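Shown next, in structure tokens, is the structure this report addresses.
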Amino acid sequence: MAQSCAALVLIFGLASVMCEADRKGLHQSATRKIQGHVDDTFRLAAYYGDHMVLQRAPESAILWGYAPIGSYINISFAGAMYSDVANPGMFGPNVGVWKIMLDPQPASGPTSITISCNTTVGAIQKIQLKDVLFGDVWVCSGQSNMQFPVKKVYNATAELKASSQYTNVRVMTISRDNTTTPLYDIRNITLPWSLPSPSSLGGTDYFSAVCWFFGRDLYDAYGVPIGLVESAWGGTRIQVWSPPDVIDKCGDAAKTSKQTVNQTTEEAAHDLMGLKTPKPPTASSQLWNAMIHPLLNMTIKGAIWYQGEQNTGRPDSYKCLFPNMIASWRDKWHVGSNGQTNAVFPFGFVQLCTSTRPEIGNIGGFPVLRWHQTTDYGYAPNPAMPNVFMATALDLPDLQSTISPVHPRDKQDVGLRLSLAARGIAYGEKGLVYQGPFPTKITVDEVQHTISVMYDNIGSDHIKLVGASGFEVCCSFQDTCQANDVWLPLPVLSLTNIYAITLSYDCLMAKPVALRYLWRDYPCTFKDCTVYTEKNNLPALPFVLPLN
């Protein structure tokens, strides 16, 4: 079974940019044997290497690379032989491209894969990939909270030490890079495929804490090898990660949204994280071009995303950009991987925590951005975001963070909540409480002046009350809440039953027309919001809903 490189050129339909920069250490580790004279054209794409994870069945993994035009490529693996011919591309003189799809493999390994190149002049060259696993491959992207390294979390020393136990979880970090045209291969790798250890996760070649804890917890749940690919850049807007078709679809507002997190603050935060990073790009699609587009030939299980802080100054365009970015990534990844990556692959995201300067009572742009992260449904998945899962971080503030409050150090809970949501949505695990409560019914009693909020979306679990009320009612003389209407805080009268709470209101001569919850930049202290699940201690999700 083979797929020619002609498909590689056609699937993207864009001008090619050859990637000849240093591929840091990736194939220096692969064993290479040469018979006869050949040049250095024969090589794998930059993100393949020893210790990597390839996607397990039911999908098929893809291997691709370069060789002199006309060369015969053979892959020997698991008693099967796969072949292709290096066909002309747009990658330079006599540089052909080959692409081979393996048969679906169960979760397994470690194993070796041998790739040989037979040129038209009779030379033979071989590359052997060692210590390869088959499991689930997840891409982790976003801005600085995804980039936030393991070595800066709470209890980092113990976490780094314990990481060495997870020999079937493998990690790789894509270097920060940006271009104005799409690349087909990664130009640099900060951390090549590695086993987790204090040096790989916490050394100079850092790794994302959220990505690590997410993958580690998935492995704890299922025992299946996990491959984690970090591709993130702090201080970036969603626009720079979005393909051009998304920007065009979302119009001028998407193109002109300004940066909102102070750049000096971002640079200082990166220094405190131990990350020397260049200024983030601002032009649309630049990181899509350089840090996502080159990965499209890789078969993956899914992706997770932690981004949005940089869009809170003008959050309105996020409602269009985010779901369309997800849909565009899915479409292009499905095509790029020859239909192997699910056309609606699981996509998880983190609902934002707090800003750089959180103040009690301040609303700001964070509540609106959180709402738009869910396309105004308040939860995920939803009709506009199928097969999307969410973990909220709004109750995990860290005002004493040495890297500023916008970068809370508790990434363990974020990873755990993401993994729970992935287990429920991506893996279809039944009977699991993986998302916080969200109202299924709201009833107003105008005689008793009470509002009952029903939370029965959590299966067999039930809710509990923890902190002070974060509920507010809009009192108006109109049928909908107006800009000059007042939002009044509501006390919680009681936990009516295991699924419902009762609130007391007094709108005087006006009437209650809308209800909102946790509609603040900084809605509560650490794990001290009002409503939680009894199991897994997951916070109820923020919302703003009409009462009519």
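Since the structure is predicted, the reported quantities are computational estimates derived from the model, not experimental observations. Numbering starts at 1 and runs along the sequence shown.
Side-chain atoms of I463 and I458, non-hydrogen and from C-beta on, do get closer than 4.5 Å to each other. Side-chain atoms of H407 and N145, non-hydrogen and from C-beta on, do get closer than 4.5 Å to each other. Looking at heavy atoms from C-beta onward, D398 lies out of side-chain contact with L396 at the 4.5 angstrom threshold. Considering only heavy atoms from C-beta on, Q351 comes within 4.5 Å of L541 through its side chain. At a threshold of 4.5 Å between non-hydrogen side-chain atoms, the residues M385 and I326 count as touching. A heavy-atom distance below 4.5 Å is found between the side chains of S285 and I247. When side chains are defined from C-beta on, D479 counts as touching K511, because their heavy atoms get closer than 4.5 Å. Using a 4.5 Å cut-off on side-chain heavy atoms (C-beta onward), V137 and M298 make contact.
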Report task. Check the pair Y219, S419 against side-chain contact (heavy atoms from CB on, under 4.5 Å), reporting the backbone distance first and the verdict last. Result -> CA-CA 10 Å; Y219 182 79; S419 69; over 6 Å; no

**Report entry** side-chain hydrogen bond (donor to acceptor under 3.5 Å, both in side chains) evaluation trace for T496 with T502
**Finding:** CA-CA 6 Å; T496 311; T502 300; 2.6 Å; yes

Query raised in the report: So H372 and D316, side-chain contact (heavy atoms from CB on, under 4.5 Å) or not? Walk me through it.
Result: CA-CA 7 Å; H372 288 339; D316 288 346; 3.6 Å; yes

**Report entry** W241/T236 under side-chain hydrogen bond (donor to acceptor under 3.5 Å, both in side chains): CA gap, chis, key distance, verdict
**Finding:** CA-CA 8 Å; W241 296 99; T236 54; 3.0 Å; yes

**Report entry** Check against side-chain contact (heavy atoms from CB on, under 4.5 Å), Y306 and L418
**Finding:** CA-CA 11 Å; Y306 197 161; L418 272 174; over 6 Å; no

**Report entry** CA sep, side-chain torsions, deciding dist, call: C475, L488, side-chain contact (heavy atoms from CB on, under 4.5 Å)
**Finding:** CA-CA 8 Å; C475 297; L488 300 175; 3.7 Å; yes

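A salt bridge does not link D461 with K535: every distance from a Lys NZ or Arg NE/NH1/NH2 to an Asp or Glu carboxylate oxygen is 4.0 Å or more.
For the pair Q373 (side chain) and V350 (backbone), a donor-acceptor distance under 3.5 Å is present. Counting only distance, with no hydrogens or angles, the side chain of Q147 and the backbone of G234 share a donor-acceptor pair below 3.5 Å. Under a 3.5 Å cut-off, the side chain of T312 and the backbone N or O of F366 do not form any donor-acceptor pair. Using modelled atom types, no side-chain atom of S401 and backbone atom of P405 make a donor-acceptor pair closer than 3.5 Å. Using modelled atom types, no side-chain atom of S504 and backbone atom of L493 make a donor-acceptor pair closer than 3.5 Å. The closest donor-acceptor contact from the side chain of T354 to the backbone of P397 lies at 3.5 Å or more, if one exists at all. Between the N324 side chain and the C320 main chain, a donor and an acceptor come within less than 3.5 Å of each other. Of the possible donor and acceptor atoms, none in the side chain of E472 sits under 3.5 Å from a partner among the backbone N and O of L515. A donor-acceptor pair is defined here as one N or O able to donate and one able to accept, closer than 3.5 Å; no such pair exists between the side chain of Q340 and the backbone of I300. Under the 3.5 Å distance criterion, the side-chain polar atoms of D445 are left unmatched by any main-chain donor or acceptor of I451.
Contacts classified as ring-ring contact (aromatic ring centres under 6.0 Å, His included) and involving residues 482-511 (residues at least two apart or in different chains) are given here: H449-Y505.
Under the 3.5 Å distance criterion, with hydrogens and angles disregarded, a donor-acceptor pair is assigned to the side chains of T480 and Q482. Between S242 and W288, the side chains place no donor N or O within less than 3.5 Å of an acceptor N or O (distance only, hydrogens not considered). Between the side chains of S200 and S197, at least one donor N or O lies within less than 3.5 Å of an accepting N or O. Inspection of the S328 and D245 side chains reveals an N or O donor paired with an N or O acceptor under 3.5 Å.
Of all heavy-atom pairs between S317 and Q239, the closest is OG-NE2, 4.1 Å. Between P243 and K332, the shortest heavy-atom distance links the atoms CB-CE, 4.1 Å. Of all heavy-atom pairs between N311 and Q307, the closest is OD1-NE2, 2.9 Å. In terms of heavy atoms, A209 sits closest to V153 at CB-CG1, 3.5 Å. A pairwise comparison of heavy atoms in V240 and P281 identifies CG1-O, 3.5 Å as the closest pair. Closest heavy-atom contact between A61 and F134: CB-CE2, 4.3 Å.
W138 and Y427 have tilted rings, their planes meeting at an angle from 30° to 60° on a 0 to 90° scale.
Interatomic distance, T525 OG1 to L399 CG, rounded to the nearest 0.5 Å: 9.5 Å. In this structure, OG in S208 is found 9.5 Å from CZ in F213, a value given to the nearest 0.5 Å. Atom-to-atom distance recorded for L133:CG and I226:CD1 is 10.5 Å, nearest 0.5 angstrom. Between the CD1 atom in I292 and the CH2 atom in W333 there is a gap of 5.0 Å [rounded to 0.5 Å]. Note that CD of E359 is 12.5 Å distant from CZ of R520, once rounded to the nearest 0.5 Å. Rounded to the nearest 0.5 angstrom, D413 CG and N536 CG are separated by 10.5 Å.
For K249, the NZ atom sits in a loose shell: 12 or fewer heavy atoms of surrounding residues, nucleotides or ligands are nearer than 6.0 Å.
Of the candidates L465, V531, V453, L465 is the only one forming a side chain to side chain contact (heavy atoms under 4.5 Å, CB included) with V492. Under the side-chain hydrogen bond (donor to acceptor under 3.5 Å, both in side chains) test applied with Q55, the options T341, T299, D136 reduce to a single match, D136. Across D217, D395, D410, a single residue satisfies salt bridge (charged side-chain N to carboxylate O under 4.0 Å, His left out) together with R417, and that is D395. A salt bridge (charged side-chain N to carboxylate O under 4.0 Å, His left out) with E159 holds for exactly one of K151, R216, R409, K411; it is R216.
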Give every donor-acceptor pair under 3.5 Å between a side-chain atom in residues 428-443 and any protein atom, sequence neighbours left out.
unit_1 : atom_1 : unit_2 : atom_2 : d
E429   : OE1    : Y222   : OH     : 2.6
E429   : OE1    : R423   : NE     : 2.9
E429   : OE1    : R423   : NH2    : 3.4
E429   : OE2    : R423   : NH2    : 2.9
T440   : OG1    : M454   : O      : 3.3
T440   : OG1    : D456   : OD1    : 2.4

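Ring centroid separation for the pair F349 and F322 comes in under the 6.0 Å cut-off.
Within the cation-pi definition used here (under 6.0 Å to the ring centroid, within 45° of the axis), K301 does not qualify as a partner of F345.
Every residue two or more places apart in sequence or in another chain that forms a disulfide (SG to SG under 2.5 Å) with C529 is listed here: C524.
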